[in-house]
Amino acid sequence: MNAPAHPFVWLDSREQRLSDPYGEQAPVLRAHLERVTPVLRWQDAARRAAPWVQAARENPPPFWAMERLLREFPISSSEGLALMRLAEALLRVPDAQTAMALTADQLGRADFESTGGDPVARLASTALGLSSRLLGRLEPGLFSRLGARVVVAAAVRAMQLLGRQFVLGQSMGEAMRRAERMRHQGQRFSYDMLGEGARTDADALRHWASYEQALQTMSGIDTLPCEHRDGISIKLSALHPRYEDAQHRRVMHELLPRLWSLCERAARANVNLTIDAEEVDRLELSVQVLEALLLRLASAHPQWRGLGLAVQAYQSRAGELVQELIAMARRHRMRLMVRLVKGAYWDYEIKRAQELGLAGYAVYTHKPHTDLSYLGCAQLLLAAPDVIYPQFAGHNAGTIAAVLQMAQCMGRSAQAGDFELQRLHGMGEAVFREVLRERVPCRVYAPVGAHRDLLAYLVRRLLENGANSSFVHQMADPAVAMDRLLASPLRVDPAERLRAPLALFNDRRNSAGLDLTVAAQREPLERAWRQVHPPEVACASAEQAPLTVQRAHAAWPAWAAVPVQERAAVLLRAADALQDSLPEFCALLVRQGRKTWPDALAEVREAVDFLRYYAQQAQCLMAPQTLPGPTGEHNLWRLRPRGVWVCISPWNFPLAIFLGQMAAALVTGNAVVAKPAEQTPGVALRAVELLHQAGVPSGVLHMLHGPGQSVGAALVTAAQVAGVVFTGSTEVARHIQRALAAKDGPIVPLIAETGGINAMVVDSSALLEQVCDAVVQSAFRSAGQRCSALRVLMVHEAIADPLIAMIAGAAGELQVGDPSQWATDVGPLIDEPAHGRVSQALRSLDASARLLWPVQGTVEAAHCQSPVAYEISDLSQVRHEIFGPVLQVMRWGPGCALKDEIAVIEAINSLGFGLTLGLQTRIDVRARALADAAQVGNVYVNRNMIGAVVGVQPFGGQGLSGTGPKAGGPHYLPRFCTEQTISTNTSAAGGNVALLSQIDD
Ligand SMILES: Cc1cc2nc3c(=O)[nH]c(=O)nc-3n(C[C@H](O)[C@H](O)[C@H](O)COP(=O)(O)OP(=O)(O)OC[C@H]3O[C@@H](n4cnc5c(N)ncnc54)[C@H](O)[C@@H]3O)c2cc1C
């Protein structure tokens, strides 16, 4: 089906709004408190809710499988974890062998015993218990076809039972028939078509068609007002593969027309359509989309009152957003339905803020604060009856009772149609059975879809039901007393429960990042882009090299004598200065390193982290240690600097690797002569200036810019060089090694970090969407110009076709071109020679392998290469690293040359490289076994395989990929040092004073 095309103009009036989303939360909470206290006495709400809870506990609904199972097997236990892993993966695994391995892995370590209580819980846990007991009885070799199949069938059945609790029907027809049977006491439904966010346009069109069809099925049934009728809930991420802030032009031109067609259909049928709330970084975009819709609806369908948006109360911006929605609705004279939820992505938001090094969390970190925010938002919504139809969603009896109390106090009546409550299908039945006695209308959010599409949703519900902080979880536990369950959230607690993102590490400050989805945070970068240009750097000659090394050598002793604390303080000052100059360095990296903005930002943060990490490490490692020994002797062990280090770094991380090498050498008391990559001398010069300004004496740190063959080679062979640290190609590392070996005098150590033919091994338990994201990021982002980048995807034959199709679709959605544009995902290759090398590699692949998707037309920016992939049949064909967005794909499995995952790892090992490896599997023992068998430095499981974080994922490989030690790891600094022990005979001057005085004691 083709999507309709409507020309929409993007509205940029919202750009400057909400400029500081991570501001202080306490004033926002106090404002909520001021809104709520005049209209709510919490004791009244608690008194109203207590009998509901009592009744629900005494008479749980028949389908209480999930709550019971989770109480019996908490998600923190091995059984709970097994339950979640199986729920997430088992139903989608296409081949029996992998399904068996997954089941054996998860149930093998769990002990499910049949619960008492309700039939479904009993059935599910019996199935799982039976399975795991069967597993116990089957001897390892005997997890034979018949036995194993029975076990898997039982586990599948158990998962289906769990799934049934949350899905109203596998098709709209089935769901609507079931809804009719449940339509008592005024229950209404909002159908949700299950499925992961779209990765390809084909996915998006499929989702769009299913929404269209759902609306078609619902149209023309009755003539009730919109709010009394059923509706649908949609996810904008399902309607477009790039529903992201950076792509807002495409969102407005491509997604909006699809959404408009759905709205038109809903408006004509007079059913309601609500846009679900997703991740916080998409909020701004959904508000822009909503406003564009309202603008158009106001003239095309002014009578329609069914457009809605979900608002998440866990966001500290929630109150501001609600006010914005009210103002927007008034501006366009349209009524909005606003579904107030607490929010389902809390764990994701916390992780994102920590990973990006944001100033604060966008969500509350204290559960009662979310509850208070919910009530504050509820007050705002109830106070705007002219333009808002509030829909209060949730299962917390206390929150529900509080909303009803507030509404009563504010003169709003649910019975009169002023608002409604909402719950999820399969949740909160018992409480709502009681609430509905008060004749409050309730809408049920009703997922519709096949088992395969259910999984992500099911896991969300498992987490929600299993979390200790969750109301439904606590209600299912009779040990939780009523007053604790219904404790008042009407207070602002000062203590934050989670470390702030910048305080993530115990011993050093995390580097601060920016949220590039917020316009105000992009602004300093844009300003820097206009102002900053890389400085000119004069080229040195090879003759200067020995002289410079001599000068460094002369300055070295004084620097070596500086206490390590002072040298560390210099690095910390440099880190702060770099952090303060983040926009300038980002702009330099975009201009000279041709990086995209997110890559540039990540690199500056990595450089800051290197400085802080090595400063902290040096102070620990270089402190002399007294070693135990016989009495009358003192034994001291310490690390000492070696002398002058030559640091040679690449263009692909011209700041982070360059600074990291220098910082390690300097903080351990060495002098440095650095040779940056020829392509990026301006970035390097600014980094050296930064270190000098922070306090590194000019005689101790020198930079020589020039060609590797001349200047680099002359540096390596200069007398008085005490060590070489190099990051670059294996070939050049070999030249350096040979040059050092040929030198007379001391044996000079070499630290080399080189490339890799990095593979990702995917089995059929992996989630396609997750693999697709990881592949696209690892293989194509940064135009594949990272040594950690994915080069060979090894995929199980059972999922190869759909996975390749998804990757092809997702790769086709990437924007290739000018890196200074926010929308660009894949920038250019660094220069013409690099482009030439990649083109040549592609020509040879054209001859030997199968091109997997047609290469996009020419890209305008110079030296750009669109992402491309080839299928190969023999891994030994892959001999060289192709430094560009080029992926090679090979299948494995019983029908292929490589029969199983161990054969795959052996084949990868035989290539001789050993840098990074990706593993995508839900079988934990398999992931562990493959990591054990792999001869690589960095293994990444169920995630992308790039972006190692200093001190968190120390980075570096083995074999053809480098000598180690790992950069950003605990063993890096000692390699820059020599060791010395000092053994002193303390009894030499006539007697053992220490021993004698000890005995006297
Ligand atoms: C009809 C309906 C539609 C929904 N649509 C959406 C949607 O579009 N988008 C969406 O994100 N969610 C949606 N949800 C899910 C909803 O967010 C959760 O069901 C809801 O948060 C559970 O709240 P509760 O009041 O039932 O439970 P409670 O147990 O009172 O609250 C649990 C919630 O508190 C928050 N929380 C948990 N721990 C903390 C903490 N440490 N600090 C701060 N806050 C914390 C989380 O939001 C968690 O979900 C929807 C729910 C319903 C019923």
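Small disclaimer: the values here were computed from a predicted structure and weren't measured. Values reported hereafter were calculated over all heavy atoms of this structure, with side chains retained and with hydrogens, waters and symmetry mates removed. Both ligands and their constituent atoms are indexed starting at 1 by order of listing.
Looking from atom 31 (O) of ligand 1 to the surrounding protein, the closest heavy atom is Lys367 CE, 3.1 Å. Protein heavy atom nearest atom 8 (O) of ligand 1, with residue, atom name and distance: Ala277 N, 2.9 Å. Of the protein's non-hydrogen atoms, the one nearest atom 46 (C) of ligand 1 is Gly343 O, 3.4 Å. What sits closest to atom 5 (N) of ligand 1 on the protein, heavy atoms only, is Val341 CG1, 3.7 Å.
At most 12 heavy atoms of other shown residues, nucleotides or ligands fall within 6.0 angstrom of atom CD in Gln213.
For ligand 1 and Tyr445, the ligand atoms under 4.0 Å from any heavy atom of the residue are 1 (C), 3 (C). Residue-ligand proximity, Ala393 to ligand 1, at heavy-atom distances under 4.0 Å covers atoms 1 (C), 2 (C), 52 (C), 53 (C). Atoms of ligand 1 found under 4.0 Å from any heavy atom of Gly394, numbered from 1 in the order shown, are 26 (O), 53 (C).
If you look at Ala310 next to ligand 1, the close heavy atoms, those under 4.0 Å, all belong to the side chain. In Phe471, the parts holding a heavy atom less than 4.0 Å from any atom of ligand 1 are both the side chain and the backbone. Looking at Glu464 against ligand 1, only its side chain comes within 4.0 Å, counting heavy atoms. Neither the backbone nor the side chain of Thr399 has a heavy atom within less than 4.0 Å of ligand 1. Residue Met427 does not touch ligand 1, judged by heavy-atom distances below 4.0 Å. Contacts of Arg339 with ligand 1, taken as heavy-atom pairs under 4.0 Å, involve the side chain alone.
Put simply, the side chain of Tyr191 does not reach to within 4.5 Å of the side chain of His425, judged on heavy atoms. Inter-residue side-chain proximity for Phe392 and Leu381 is flagged as met; some heavy-atom pair is nearer than 4.5 Å. In this structure, the side chains of His366 and Leu372 stay at 4.5 Å or more apart for every pair of heavy atoms.
Of the polar atoms of Thr365, at least one N or O is found under 3.5 Å from an N or O of ligand 1, judged by distance alone. Of the N or O atoms in His366, one or more lie within a sub-3.5 Å distance of an N or O in ligand 1. For ligand 1, the polar-atom distance check against His395 finds a nitrogen or oxygen pair separated by under 3.5 Å. Distances between N or O atoms of Val472 and those of ligand 1 include no value under 3.5 Å. Not a single N or O atom of Tyr314, backbone or side chain, sits closer than 3.5 Å to an N or O atom of ligand 1.
A cation-pi arrangement, defined by a distance under 6.0 Å to the six-membered ring centre and an angle within 45 degrees of its axis, is absent between Arg443 and Tyr445.
Residues Gln315 and Gln312 have side chains that bring a donor and an acceptor to within less than 3.5 angstrom of each other. Counted by atom type alone, Thr370 and Trp346 present zero donor-acceptor pairs between their side chains at under 3.5 Å. With hydrogens and angles left out, the side-chain atoms of Ser286 and Glu278 include no donor and acceptor closer than 3.5 Å.
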